[in-house]
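By convention in this document, chain letters (A, B, ...) are assigned in the order of the sequence lines, proteins followed by strands, and residues within each chain are numbered from 1.
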Number of protein chains: 2
Amino acid sequence: MGRPTIADIAQRVGVSKGAVSFALNGRPGVSEATRARILEVAREMNWRPHSAARALGGARAEAVGLVIARPASTLGVEPFFAQLLSGLQARLSRQQVAMHLLVVEDSEAEIEVYREWTSAHRVDGFILVDPKVRDPRFAALEELGVPAVVLGGPGRHGALASVWADDREAMVSVVDYLAALGHRRVAHVAGLPGLRHTQRRMRALRDSVKRLGLVDAVSLPTDFSDAEGAAATRTLLSRGTRPTAVVYDSDVMALAGLGVAGEMGVAVPGELSIVAFDDSVLTRVTHPSITSLSRDTVALGGQVADVLLEVIADPGARRVVKTGTPRLVVRQSTAPPLLAR
Amino acid sequence: MGRPTIADIAQRVGVSKGAVSFALNGRPGVSEATRARILEVAREMNWRPHSAARALGGARAEAVGLVIARPASTLGVEPFFAQLLSGLQARLSRQQVAMHLLVVEDSEAEIEVYREWTSAHRVDGFILVDPKVRDPRFAALEELGVPAVVLGGPGRHGALASVWADDREAMVSVVDYLAALGHRRVAHVAGLPGLRHTQRRMRALRDSVKRLGLVDAVSLPTDFSDAEGAAATRTLLSRGTRPTAVVYDSDVMALAGLGVAGEMGVAVPGELSIVAFDDSVLTRVTHPSITSLSRDTVALGGQVADVLLEVIADPGARRVVKTGTPRLVVRQSTAPPLLAR
DNA sequence: TCCGGCAACTAGAGCGGTTTAGTACCGAAG
DNA sequence: CTTCGGTACTAAACCGCTCTAGTTGCCGGA
């Protein structure tokens, strides 16, 4: 015989399948004596629920979906995703909720996966990352009527819940700090240009530069890889008038930039100050250590999980949570520019 | 009406459910004309299979499971997992196979999850990581009769498939290299002591030291965290006779060790050579850059996925794949010891 | 003309649960 | 003694799909 089913239990106890179902799900309809007997036999027979069968009946899948439309290789490069996963898992696994993970080519494929997993009751909700400027995924998810939470904001995702950090404020605080140190030419090695938060950071930089009367405000978009981060840094440092400070949209790129500076004989922080927009082990252990905007990505993952579980429990709720604004942790890579004028 | 089912299609086309099922699954039993008509209506109605219903009938879940028994926080710290995931995803998503991911407390909980997901047809197979010295998970998986591949080896996992790298040979090559440079006191900041590969590395170090007639061969176990890596380094460097070279079981710990050396005024590589057992962006971009054993973790993930898919396709197959031995990439953190005697 | 064989299709059981409608029984109230 | 109401339980439908055992109709061959 294969795995025991409730029918097997029912037969052994001498009751009907229905009674067994009631007993196992702790709902009324059986006496305490019978319930105890059924539970005992179930344990004895090593019975376990068949989630597919439950799903057929319309029950929860006890899983959430995370579909990422990036080249699979970026998963490994950026600590961000790993930490996010880490935070998500910490919260989800406490409730015995699993996570369905898939990396796809593009948003179109991503939407297709949303459709499939939803109609197959494979997951109870989705986590949407990397919101883009005109993002077709919002509408798709709303149309499916499936619980979802958008990581990154603010607002404007229709009725979807979201968890977001204030990128604008963060960028402003960085530029303010650099300006206060005496920097007048600040450059920005940005991430993927299609992403909303990249756009927000670029805009915040431009606005700050104007407000503070600084000279330069170039933002170079990249794909977040160390290679493009290094290339962008090389471009910036090869110019006639170099920036005296560079803000990187990720810690990996900042690290790569630091390497390029060393290679080109540009002293950090003497001739060039470096700020990373993301904090991790990497920024702490290098020499010089890198001044970073620190946000607790693991905690962020936890919050996202929380909000998603809430929305799943009560699909009416529209939660928009703003997480703590990343705060600047000053380390050795920033200093007043030597040649301030 | 909710989502369309094959019954809806059948009604619309004017055939039976069975005919629709045959048509959609490309099996004989319907004429080409009918098949075309059914496929068209299915597309028109935006039909998608309900995987739970299929799973009930015993079909593939088109998903594999990865259950990790480590504190969720380590996921974010170590590039290893992120890269592994990256490689796994690259291969799996090509076949539209998803991944069920869960982080649990301990091996016991892990085994329980194996039981549940297996009996619920939630996944078609498992990837087992971090094989331990006396590991109850092998027997559990075999008993369940579910396809699985063990990452780490060699052999001795009963009938389970495995993918492994030769840790012993790798460690030997490191110690040989250090000895050739003139080092006589080599220390080892190891990973979790319960893991098989940690044991193998420790044994390989002891054997090499004996074979080469070196002086010292201490291995300090840690939990892979940067904190314990730093602490272990502090311990080693506080001794009366310091090691002149330290081998770290992970890149994060090597980085932390490098930081500690700087903090204690120990010159690298002058007074201390550092080797990392894992390669990633981290080791490349620091100053000095760190000599590392480089293995392509992303490719490793791909191989694991391949083997698992094979074993799922043909459960009889017992595949044991040995991946390329990590090779030493020499960078700036290793040099002959200044005070060789 | 009749029969065998095959292609094309149908009916319906089955997968493992959940859930609803219905039944049997019991004690208390009228 | 009947009636009511509640508890404890059963039988069976149902979820969406797969798959087997039939059934039908048509064609070719003797």
How long is the line joining CD of E32(B) and P of dA7(C), in whole Å?
13 Å
Has D124(A) got a side-chain atom pairing as donor or acceptor with V64(A)'s backbone, closer than 3.5 angstrom?
no
Answer yes or no: does a side-chain N or O of W47(A) lie under 4.0 Å from OP1 or OP2 of dG17(C)?
yes
Let me know the distance between NE2 of H50(A) and C1' of dC15(D), rounded to the nearest Å.
14 Å
Please determine whether a side-chain nitrogen of the Lys or Arg among R54(A) and E62(A) lies less than 4.0 Å from a carboxylate oxygen of the Asp or Glu.
no
For Q11(B), I'd like to know if atom CD has over 12 heavy atoms of other residues, nucleotides or ligands within 6.0 Å.
no
Take atom CZ of R48(B) and atom P of dC17(D), then tell me their distance rounded to the nearest Å.
12 Å
N/O (side chain, S31(A)) to phosphate O (OP1/OP2, dC9(D)) under 4.0 Å:
yes
Any side-chain N or O of T5(A) under 4.0 Å from OP1/OP2 of dG16(C)?
no
Ignoring hydrogens and angles, does a donor from either the side chain of K17(A) or the base of dG17(C) sit under 3.5 Å from an acceptor on the other?
yes
Might you work through the side-chain contact (heavy atoms from CB on, under 4.5 Å) test for D130(A) and E110(A), ending with a clear yes or no?
CA-CA 12 Å; D130(A) 289 344; E110(A) 191 176 330; over 6 Å; no
Please verify the inter-ring angle class for F224(B) with H197(B); under 30° counts as parallel, over 60° as perpendicular, anything in between as tilted.
tilted
dC9(C), OP1 or OP2 - any side-chain N/O from T34(B) closer than 4.0 Å?
yes
Which parts of residues 18-26 of chain B get close to DNA chain D, meaning a heavy atom less than 4.0 angstrom away?
G18(B), S21(B), F22(B), N25(B)
Look at R35(B) together with E32(B) and state whether they make a salt bridge at an N to O cut-off of under 4.0 Å.
yes
Return each pair, listed once, that meets salt bridge (Lys or Arg N to Asp or Glu O under 4.0 Å) where at least one residue sits in residues 80-100 of chain B; pairs must be two or more places apart or across chains.
R91(B)-D306(B)
To the nearest Å, give me how far apart CZ (R122(A)) and P (dG16(D)) are.
17 Å
What integer distance in Å separates H121(A):NE2 from dG17(C):C1'?
14 Å
Reckon R35(B) touches a base, only the sugar-phosphate, or nothing at all at heavy-atom distances under 4.0 Å?
nothing
Think R54(A) has a side-chain N or O under 4.0 angstrom from the OP1 or OP2 of dT18(C)?
yes
Are R27(A) and dT19(C) close enough that a side-chain N or O sits under 4.0 Å from OP1 or OP2?
yes
Output the rounded distance in Å from CE (M45(B)) to C1' (dG16(D)).
14 Å
Separation of dC9(D) atom P from I38(A) atom CD1, nearest Å, is 8 Å
Can you check the L56(B) CG to dG16(D) P distance for me, whole Å?
12 Å
